[in-house]
Amino acid sequence: MLRIQGRVRHRPDGTVNPDLPTGQVEVLAQEIEILNSSETPPFQLDDSHVGEDIRLRYRYIDLRRPIMQERLQLRAKVTRLLRHFLDEQDFLDIETPMLTKATPEGARDYLVPSRTHHGQFFALPQSPQLFKQLLMMSGMERYYQIVRCFRDEDLRADRQPEFTQLDIEMSFIDETVIKNLMETMMRHLFKEVLNVTLPNPFPSMSYDEAMQRYGSDKPDLRVSLELTEVSDLMAEVEFKVFAKPANDPEGRVAALCVPNGKALSRKQIDDYTSFVSIYGAKGLAYIKVNEISAGRKGLQSPILKFLPDDVINAILERTQADSGSIIFFGADKAQVVNEALGALRLKIAEDLNMVESGWKPLWIVDYPMFQWDDKEKRWHSLHHPFTAPNVADIESDPKACLSRAYDMVLNGNEIGGGSIRIHDPEMQSAVFRVLGITTEEAQEKFGFLLDALKHGCPPHGGIAFGLDRLVMLMSGASSIRDVIAFPKTQTASCLLTAAPSPASPAQLRELHIRVRSEKLE
RNA sequence: GGAGCAGUAGCUCAGCUGGUUAGAGUACAGCCCUGUCACGGCUGGGGUCGCGGGUUCGAUCCCCGUCUGCUCCGCCA
């Protein structure tokens, strides 16, 4: 590291280099000071193919690279604009505790042992959800916070154990008010940061429609491929693989027609078959359309012999297949079909270069309030247990009940999720009952919320955005690790600091903790 | 908890059907050149082939286990 004092001057004739940003000038040094020397760096800064483990081990050097500087600058610009926007709209930035109470529902908590309370633990917040609701009860009508959240679950390219959320809550509002405001905020953000004009308004789609058409509750609208419902056509066919799920109320038979997909090789189709098996699909039937006008003779498929002419014609018509198309089929429980074909849709679009460029935001609404967990034999909240239902009676038919939740989806990523909350203590108790949380348990875990609701709670609702994901998308990074200064690896360790690490016996004694050896587990 | 890919020089990688001296580029060090800017030329040092075990006359290569990184499923209300 050098400090050079001198005179900037034009380069002499013949030494100008137009390929360099500074190729016109040079510095005539008058004084040079060595501020600090450096060891040979572990990797070269101009090498863009360095392994991520090396980059993370020497993150302070990795962050010197221009691409990383730009990403963190973009992140700062995003948070600055979001804060500015919300400040202008009279939102109040309020901090909530990091040391708080464990929650029974939801993700695994990070626990922090209490020194002053023998055998008791704090939890790090999975989100400030309940605190922001309490703030609404306190009359803080508009709240926001850019806040760290913690979830002790396994990591992904877009999931870190600690991540940052833009958390927002408002009183005396309904879905329309907050969704409109959040759209305005996002349009402003994209205009200012990327000079991108997002649609006005954002399209909105029901959860049900999204699952039907895209097999996903976060559809990527840059891909025009859609699933086609064919359950009704398959109810009578002899092919049991199709007929059984077609007649199962929980089942589904759907088709995915890929124009120009006929060129796919046997090997590629086999690869797709094993790809969908990841999601539980037992196979991947297909029909290649060689010549649409030739009827059955123009088709090529192992399952053709099981399907009568009228069914085949109906499939071709409904999927709008043409010569050169390939039609894939999923037949199983609806959940398996949706996940398998939904993922296949994106995979094929990527492989065949069918992803449009640009930005496609949308809202997903009308979520089911509850989902039946067959393993645990109980209802789960699809969103969270503080989400308001859109009906007064949720207990007679939980399955049919929709919630007042809304998710913002951008290019196939869930970037924000929120809802109108429950502000009536009786309704909150009813939700706990459906979820199988006893009165005693509800009182123990959420008593403070139920008590607060009794003291006059305004109708309220809010939303939380995944800031890391948003910045990842805006910067074109493929992992949120690339927009976080010091991220963790997939096993949730920090290669830079070598955290986590064992605690000293003295620390453990102070916390009343004894570590069991792994053999005893 | 599960599936897949990867692990060889500081870094990025190659290494054939298992064969005796494990290579390249780059980086690094020394020397030469001195209007160069991805400089150039010469020379040189640098390896626990992730780790442990097995098969074999012989293992970087095959097998088993294990650790680490990445992608994904489960999980993430």
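As a basis for the values below, the full set of heavy atoms in this structure was taken, side chains included, without hydrogen atoms, waters or symmetry mates. Protein chains get the first letters and strands the later ones, always in sequence-line order, with residue 1 at the start of each.
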Quick check: on RNA chain B, is the nucleotide nearest A/Q129 upstream (toward 5') of the one nearest A/I278, or the reverse? Name the residue that is more 5'. A/I278
Determine whether the aromatic ring centres of A/F432 and A/F446 lie less than 6.0 Å apart. yes
A/S504: which residues meet the side-chain hydrogen bond (donor to acceptor under 3.5 Å, both in side chains) condition with it, sequence neighbours left out? none
For atom NZ of A/K218, is the number of surrounding heavy atoms from other residues, nucleotides or ligands below 6.0 Å larger than 12? no
Taking atom P in both B/G30 and B/G45, compute the distance separating them and give it to the nearest angstrom. 15 Å
In whole Å, what separates the P atom of B/U20 from that of B/A59? 12 Å
Using the C1' atom as the point on both nucleotides, what is the distance between B/A24 and B/A14, in whole Å? 7 Å
Closest-nucleotide mapping onto RNA chain B: is A/G23 or A/E153 further toward the 5' terminus? I mean the 5' end. A/G23
Kindly say if A/R55 contacts the phosphate of B/G69, meaning a side-chain N or O under 4.0 Å from OP1 or OP2. no
Taking any strand in view, what nucleotide pairs with B/C70 in a Watson-Crick or G-U wobble way, both distances under 3.5 Å? B/G4
Please give, in whole Å, the distance from B/C70 P to A/I480 CD1? 12 Å
Looking at every strand, decide which applies to A/D47 at a 4.0 Å heavy-atom threshold: base, sugar-phosphate, or nothing. sugar-phosphate
Return no unless some side-chain N or O of A/T40 is found under 4.0 Å from OP1 or OP2 of B/G10. no
